[in-house]
Amino acid sequence: MVAPVPVAGSVTLFAPTLLQHERGKARETAVDRERALERFLAGVEGRAYRIAQISLRDHDEALDAVQDAMIRLARKYAGRPEEQWRPLFYRILRNRITDCARRRRVRQGVIAWWPGAATADGPPDPVETAVDPAGTPEQQLEGEQLLGRIERALGGLSDRQREAFMLRNFEGLDVAQTAIAMGCSEGSVKTHYFRAVQALQQQLGEWQR
Amino acid sequence: MNEPQTDIEHRSRAAFDDSVTALDGATRSRLARARELALAEARRRSGPWQSTWLPVGAAAAAAVAALLLWRGDESGSGVDPAMVALEEFDIATAGEDLEMLDEDPAFYAWATGEPVDGVG
């Protein structure tokens, strides 16, 4: 508690003790927030990496995108209430993924234009070049096959449908959080998600029982 | 939290969760390193604010409290000077990130409880 310090006349002033008290409290709060931020990042990093990897189909680019998103969240929004971190983080990650995909398209355009750069086989199949999830092959085979089919099916969706599906289904964001992360209305999220599920059901129809 | 409804949703979620659990050590290590960099950035950002602006804000609040209490004695107004001082302290120490308004209008609208406009 702050001790009132009497000063001249009848005035009571919260003097240096106030500074010490508030400084100590702020230091405590900063440590608590850092711990909370660490918990948040540790909890989200693996899932964020997989979402980035599915979107970009590149291990290193996915890691870079996640790292950029983490640093930007910490730099700009660490002071925000904790419940806002997740949609904000995925909003930043989505922007990074979009930037990365755009840069890649430009790069591929330049390479294709450069004389002698084009190959008879055309661009590599992104599904073929996708990085498989790690783990013991025998133990992971079934899961990999399953996820591989899902990833191929996701590749057939529009960007917005894929984003809506991954954020809602994989990451478990609710409609409002997904709208923040995607930068669109809640109605759009519902539409994209519904169409994504429909398309996946059509492509992976044999799952239906 | 979104709960899967259909078989596709259930199986997709389960397969995705398994793939996250099965991430290799090298990837986990890279992610942990990224996390450390982010935390270092957060520390770096919060340091100067604590050491510079908090004492300034607290000093300003103390000065405002003194002024209000002194004037309060003269005028005999019914305003609780302690409450006023606390409000002033909040204003003086609020570190609003105004950049957010430019960058994330949809998020700001959500944060303030307004409906979010936009197209998909």
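Predicted model, so just to flag it, every value in this text is computed and none were measured. Throughout, protein chains are lettered first and strands after them, A, B, ... in sequence-line order, and every chain is numbered starting at 1.
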**Asked** So which of B:Ala32, B:Ala14, B:Ala40, B:Ala38 has the largest heavy-atom pair count under 4.5 angstrom toward chain A?
**Response** B:Ala38

**Prompt:** Does A:Arg168 reach the side chain of B:Arg13, with side-chain heavy atoms less than 4.5 Å apart?
**Reply:** no

**Complete:** Smallest heavy-atom separation, A:Leu37 atom then B:Ala42 atom, equals CD2-CB, 3.8 Å

**Complete:** When rounded to the nearest 0.5 Å, the distance separating CD1 of A:Ile54 from OG of B:Ser19 is 6.0 Å

**Request:** Would you check if B:Asp18 and A:Leu147 make a side-chain contact, meaning some heavy-atom pair closer than 4.5 Å?
**Result:** no

**Separation between CZ of A:Arg75 and CZ of B:Arg44, rounded to the nearest 0.5 Å** = 7.0 Å

**Prompt:** What's the shortest heavy-atom distance between A:Asn169 and B:Ser12, and which atoms?
**Reply:** OD1-CB, 3.6 Å

**Message:** What verdict does the side chain to side chain contact (heavy atoms under 4.5 Å, CB included) test give for A:Arg50 and B:Leu23, after you've listed the backbone C-alpha separation in whole Å, the side-chain angles of each residue and the deciding distance to 0.1 Å?
**Reply:** CA-CA 9 Å; A:Arg50 286 293 293 128; B:Leu23 283 178; 3.8 Å; yes

**Request:** Could you grab the distance from atom CD of A:Gln201 to atom OG1 of B:Thr6, nearest 0.5 Å is fine?
**Result:** 5.0 Å

**Prompt:** B:Arg35 and side-chain contact (heavy atoms from CB on, under 4.5 Å): which partner among A:Leu41, A:Val66, A:Ile71, A:Val44?
**Reply:** A:Leu41

**Prompt:** Are any non-hydrogen side-chain atoms of A:Met70 and B:Leu39 less than 4.5 angstrom apart?
**Reply:** no

**Message:** Which residues pass the ring-ring contact (aromatic ring centres under 6.0 Å, His included) test with B:Phe16, not counting sequence neighbours?
**Reply:** A:Phe170

**Item:** Carboxylate-amine/guanidinium proximity below 4.0 Å for B:Arg30 and A:Asp64
**Value:** yes

**Asked** Tell me, do B:Thr27 and A:His59 make a side-chain contact under 4.5 Å, heavy atoms counted?
**Response** yes

